[in-house]
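As the structure lists them, so they are numbered: ligands from 1, and atoms in each ligand from 1.
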Amino acid sequence: MSYIIGSPCISTCDTACVAVCPVDCIHGPIDITGAGAEVAEMTKSQLIGKSLYINPDECIDCGACIPECPVDAIYETEEDAIADGEKEAVINNYKFFGLKYEP
Ligand code: SF4
């Protein structure tokens, strides 16, 4: 079980969520262990199709990231994301960290 970043983050990659995560488990859009620092160096066109992701093995389900996201992209559970049509986001989130989503 993990919080999930859904499709509104794609091409947005606002890193406000990264700043508040107490366990530093939000990564990407490129560096799978970083804290999103590369976003500041990227142009809008370089961000197209890119997203931040939450490492499902590290997230402690604290909820601190939810109010920070300016595009309301974060779901409390994988099930909530899937129920809202975001199965691809769940699968891609796991894939980003070399993991496989297995409900
Ligand atoms: Fe980080 Fe908490 Fe959000 Fe999980 S729920 S990504 S631990 S801020």
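- The atoms of ligand 1 that sit less than 4.0 Å from any heavy atom of Val23 are 7 (S).
- Inspection of the environment of atom 3 (Fe) of ligand 1 yields the following protein N, O or S atoms under 2.8 Å: Cys65 SG.
- By the 6.0 Å contact criterion, CD on Glu88 is open, its count of non-hydrogen atoms from other residues, nucleotides or ligands being 12 or less.
- For Tyr75, there are no ring-ring contact (aromatic ring centres under 6.0 Å, His included) partners, not counting sequence neighbours.
- The side-chain hydrogen bond (donor to acceptor under 3.5 Å, both in side chains) analysis of residues 91-103, with sequence neighbours excluded, yields the pairs Glu78-Tyr94.
- Note on residues 4-26: pairs passing side-chain hydrogen bond (donor to acceptor under 3.5 Å, both in side chains), not counting sequence neighbours, are Ser7-Glu86.
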For this session: Dump the intermediate steps for side chain to side chain contact (heavy atoms under 4.5 Å, CB included) on Ile66 and Glu76, then the final yes or no.
Result: CA-CA 8 Å; Ile66 290 226; Glu76 282 187 31; 3.8 Å; yes
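- A side-chain donor-acceptor contact under 3.5 Å links Gln46 to the backbone of Thr43.
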